[in-house]
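We're numbering straight along the sequence, starting at 1.
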Amino acid sequence: MALFPFDDDDLIFEGLDVSRTCNRYRPDGQPCTSPAGLTGRTDGWCGQCEGFTQPQRGRRQSPPPPTKFSTAGTWLKQDPTGMDIAEASSISLAPDAVASYAWKHNVDNDEAETQIRYLLEDLAKDGQPSKRKEDGVWRLTNRGFALILDRHLSTVLMYRTVHRERTWAQVKDGVRSRVSRGGGWFGALPAHTEITLYCTKEAVLGWARLTDARWSPGEANGLLREVGRRVIRSLEGMEPWDGLRWVKDQVDPRVEWRVQGDGRRLTTCIKCRVAD
């Protein structure tokens, strides 16, 4: 049984013969060595290993490809598009979207097209609320992934994600972030009634600097809990959002928290600062 099984009805993987070796990597950078590491899936992943698309985590050495489209402007909440999976599978992909995906995840254009379509089909299947700009283009999001579509819902114009390296398939199937294990993430607060909060080390260190608190292994958990309590209190009553924003601390309004939302109730506190 696969460690990260896909639904049997995933359209892009139907009817494919198992014929090639998995081309993905484990968190330590070693190539997949799964006994069942053969795959016929067009994304090149066997589904047994963690499925990273490059050996080591880290930033790209080359700059991102240029894009003709800008996400600047006002996005208004909309009802679900009503698009079904069959319609999603027939939508065309702009070269900019494919190039952006290929650069971000270190895959070739064929794999990029396959994975964008997989994400698009899931966004259509989930039927989540969407956003729309004044010029009519659409933005579909889920768990930190976004696709921008033209006003006619006929072409994917742009791909965006807040994840450093994981693909939609990895996040969907529960693969943990390799960046998190590398020390960038500090810890997670227990699930609140409505909010699950993750904190970065930068956020906790920033709070320690602001309060002149001592940073040591013995103090770390206490600082994390304090940051968590303050951020959760500051988020209470707010509607879910997708993206980054500064949130004012409810106890001390001079302090602001940089928080990443995913459109639901999973949030990450990235840093804190004293507002100007």
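Between the side chain of Thr53 and the main chain of His105, a donor-acceptor pair closer than 3.5 Å is present. Between the side chain of Gln170 and the backbone N or O of Glu50 there is at least one donor-acceptor pair closer than 3.5 Å. In this structure, Arg24 contributes its side chain and Gly47 its backbone to no donor-acceptor pair below 3.5 Å. In terms of modelled atom types and a separation under 3.5 Å, the side chain of Ser100 and the main chain of Ala97 share no donor-acceptor contact. When atom types are taken as modelled, the side chain of Ser154 and the backbone of Ser92 share no donor-acceptor pair closer than 3.5 angstrom. At distances below 3.5 Å, not a single donor-acceptor pair connects side-chain atoms of Arg273 with backbone N or O atoms of Gly206.
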| request: Report the C-alpha distance between Trp45 and Cys22 in whole Å, list the side-chain angles of each, state the deciding distance to 0.1 Å, and finish with yes or no for side-chain contact (heavy atoms from CB on, under 4.5 Å). | output: CA-CA 5 Å; Trp45 185 22; Cys22 176; 4.0 Å; yes
| task | Apply side-chain contact (heavy atoms from CB on, under 4.5 Å) to Glu121 and Ser89, showing your working. | result | CA-CA 7 Å; Glu121 289 169 5; Ser89 64; 3.7 Å; yes
| task | Assess whether side-chain contact (heavy atoms from CB on, under 4.5 Å) is satisfied between Arg160 and Lys104, documenting all intermediate values. | result | CA-CA 9 Å; Arg160 286 289 183 267; Lys104 175 71 177 180; over 6 Å; no
| request: Could you check Phe52 against Arg166 for side-chain contact (heavy atoms from CB on, under 4.5 Å), going step by step and ending with a plain yes or no? | output: CA-CA 7 Å; Phe52 290 99; Arg166 287 180 298 167; 3.9 Å; yes
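The two residues Pro253 and Lys248 have their closest heavy-atom pair at O-NZ, 3.8 Å. The two atoms that bring Met83 and Glu87 nearest to each other are CA-OE1, 3.2 Å, heavy atoms only. In terms of heavy-atom proximity, Val156 sits nearest to Ile91 at N-CG2, 3.8 Å. The two residues Leu210 and Cys272 have their closest heavy-atom pair at CD1-SG, 3.7 Å.
Between Val137 and Met158, every side-chain heavy-atom pair lies at or beyond the 4.5 Å cut-off. Annotation: side chain of Thr161 is not in contact with side chain of Tyr101 (no heavy-atom distance under 4.5 Å). Contact annotation: the side chain of Leu140 approaches that of Leu120 to within less than 4.5 Å [non-hydrogen atoms, C-beta and beyond]. By the 4.5 Å heavy-atom criterion applied to side chains, Lys271 and Trp246 are counted as neighbours. With a 4.5 Å cut-off on side-chain heavy atoms, Ile148 and Lys133 do not count as touching. Between Val247 and Val231, every side-chain heavy-atom pair lies at or beyond the 4.5 Å cut-off. Within the 4.5 Å cutoff, the side chain of Tyr159 has heavy atoms near those of the Leu147 side chain.
Remark: Thr114 OG1 to Asn109 CG distance equals 10.5 Å, nearest 0.5 Å. The CZ atom of Arg233 sits 8.0 Å away from atom CD of Glu236, with the distance rounded to the nearest 0.5 Å. Atom CG of Leu157 and atom CG of Asp96 lie 8.5 Å apart (nearest 0.5 Å). For the atom pair Trp207 CH2 and Leu223 CG, the distance stands at 9.5 Å (nearest 0.5 Å). Atom CD of residue Gln250 and atom CD1 of residue Ile232 lie 13.0 Å apart, to the nearest 0.5 angstrom.
Applying the side-chain contact (heavy atoms from CB on, under 4.5 Å) test between Leu123 and each of Leu149, Asn142, Thr141 identifies Asn142 as the sole match.
Under the salt bridge (charged side-chain N to carboxylate O under 4.0 Å, His left out) criterion, Asp150 pairs with no residue at all, not counting sequence neighbours. Checked against side-chain contact (heavy atoms from CB on, under 4.5 Å), Ala203 has the following partners two or more places apart in sequence or in another chain: Thr200, Cys269. For Asp252, the side-chain contact (heavy atoms from CB on, under 4.5 Å) partners at least two apart in sequence or on another chain are Arg230, Asp249, Arg254, Val255.
A continuous path of ILVMFWY side-chain contacts below 4.5 Å connects Met238 to Trp257, so both sit in one hydrophobic cluster.
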